[in-house]
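All remarks here apply to the structure that follows.
Computed from a predicted model, the values in this text were never measured in an experiment. Here, residue 1 is the first one in the sequence, and each next residue gets the next number.
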Amino acid sequence: MPDPDDRPAPPTADAGAAGGAAAADGRPGDAFQHAPNTEGDPIRTFHPRRAALGERRADALDRLWPRYGFSVHDPALGLPPTTPDGALDAARLFGRTAPLVLEIGSGMGDATAAMAAADPARDYLAVEAHLPGIANLLVLVEEHGLTNVRVAHGDALDLVRRTVAPDSLDAVHVFFPDPWPKARHHKRRIIAPDHVALLRSRLRLGGTLHCATDWAEYAEQMLEVVDADPGLTNPHGGFAPRPAHRPVTKFERRGEQAGRPSHDVIATRTA
């Protein structure tokens, strides 16, 4: 029997102020939908779901999205600026030229905001599939006066495939991605050989791929996949010591309290 999660899915509203109301209501979030997953498309590494925004996040999304956000696929929500050859124009997006960090699956944005605040010399592009996290990151961007953060809604791998130029990223962060624990869903894990090869190709030489998870079996797979990539070098020879620059989030604390310590895998592009 086919896996139900592999069937093509219709466009899915990610959130409305009341959990996905009709677009005619005109509430912030109603317009945000994922592109249809059609036959032949790459398997998604996330599962679209609905969630309420709440008044504060809805307000931030309404006011700040035009300034800080873009959609991976929907022109109605604004696409990223591109160069004449179709590559992401980071200089136009951020209004300056600086090393670029890609945050894949930024969650509620706490770690992204903290790292960007502590690292003003680099720009941070956070790509998230779930709207409450995007809206919450916009709240944090405004609260902390961050100018080096931009947010994108949609499939990060799709953005990387179609728009991010080779050799253009200073770092890629993949922190606590969905572990897809059932064996039949392991094909959905983002840290897989083809995905890692794609991400590595977008890093500059000397750029860093940094992954973290609190799911022990997935951590071992991450380490195996990253170590097997011919263009990446793991300077730690195994799991990396927990780096001080990666903030501890509420999500990570809950995992530790539940007996799931975090593991970091860090590698540098050398070829």
Any chain of hydrophobic side-chain contacts (each under 4.5 Å) joining [X] to [Y]?
| X | Y | result |
| --- | --- | --- |
| V226 | V160 | yes |
| M108 | V141 | no |
| L64 | I134 | yes |
| L100 | I266 | no |
| L223 | L199 | yes |

Of all heavy-atom pairs between [X] and [Y], which one has the smallest distance, and what is that distance?
| X | Y | answer |
| --- | --- | --- |
| W215 | P181 | CZ2-CB, 3.3 Å |
| M115 | P247 | CG-CD, 3.4 Å |
| A197 | D229 | CA-OD2, 3.7 Å |
| A219 | V265 | O-CG2, 4.4 Å |
| S106 | L137 | OG-CD2, 4.4 Å |
| A212 | R246 | CB-NE, 3.9 Å |

Exercise for the section: Sorted by first residue and then second, give each side chain to side chain donor-acceptor pair (under 3.5 Å) pair with at least one member in residues 88-99; sequence neighbours left out. Expected result: R96-D123
How long is the straight-line distance from [atom2] of [Y] back to [atom1] of [X], given to the nearest 0.5 Å?
| X | Y | atom1 | atom2 | answer |
| --- | --- | --- | --- | --- |
| C211 | D264 | SG | CG | 9.0 Å |
| L61 | R56 | CG | CZ | 14.0 Å |
| I104 | I191 | CD1 | CD1 | 7.5 Å |
| T213 | D178 | OG1 | CG | 9.5 Å |
| L138 | L146 | CG | CG | 11.0 Å |
| L93 | L125 | CG | CG | 6.5 Å |

Less than 4.5 Å apart, side chain to side chain, heavy atoms only: is that true for [X] and [Y]?
| X | Y | result |
| --- | --- | --- |
| P132 | R57 | yes |
| L209 | R269 | no |
| V151 | T112 | no |
| H195 | V225 | no |
| L205 | D167 | no |
| R188 | K182 | no |
| R200 | P230 | yes |
| S168 | L88 | no |

Who passes salt bridge (charged side-chain N to carboxylate O under 4.0 Å, His left out) against [X], sequence neighbours left out?
| X | answer |
| --- | --- |
| R122 | D119, D170 |
| R202 | none |
| R150 | none |
| D110 | none |

Handout entry: Contact list for residues 206-225, test salt bridge (Lys or Arg N to Asp or Glu O under 4.0 Å), sequence neighbours left out
Key =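 Matches after skipping sequence neighbours: R189-E217, D214-R260.
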Exercise for the section: Name all pairs fulfilling the salt bridge (Lys or Arg N to Asp or Glu O under 4.0 Å) condition that reach into residues 63-77, sequence neighbours left out, sorted by first residue then second. Expected result: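 Only D59-R63, R63-E142 qualify under salt bridge (Lys or Arg N to Asp or Glu O under 4.0 Å).
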Mind checking what makes side chain to side chain donor-acceptor pair (under 3.5 Å) contact with [X], not counting sequence neighbours?
| X | value |
| --- | --- |
| T233 | T270 |
| D194 | none |
| E55 | none |

Could you tell me whether the side chain of [X] and the main chain of [Y] form a donor-acceptor pair under 3.5 Å?
| X | Y | answer |
| --- | --- | --- |
| R162 | V72 | yes |
| N148 | A116 | yes |
| E103 | H173 | no |

Exercise for the section: Kindly determine whether L198 and L157 satisfy side-chain contact (heavy atoms from CB on, under 4.5 Å), including the steps that lead there. Expected result: CA-CA 9 Å; L198 172 68; L157 290 178; 4.2 Å; yes
Practice task
Please collect all ring pair (Phe, Tyr, Trp, His ring centres under 6.0 Å) contacts where either partner lies in residues 62-118, sequence neighbours excluded, each pair once.
Solution key: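 Those involving residues 62-118 are F32-W65.
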Exercise for the section: If a pair satisfies ring pair (Phe, Tyr, Trp, His ring centres under 6.0 Å) and one of its residues is in residues 221-260, list it, with sequence neighbours excluded. Expected result: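 For residues 221-260, and leaving out neighbouring residues, the ring pair (Phe, Tyr, Trp, His ring centres under 6.0 Å) pairs sorted by first residue read F176-F251, H210-H245, F239-H263.
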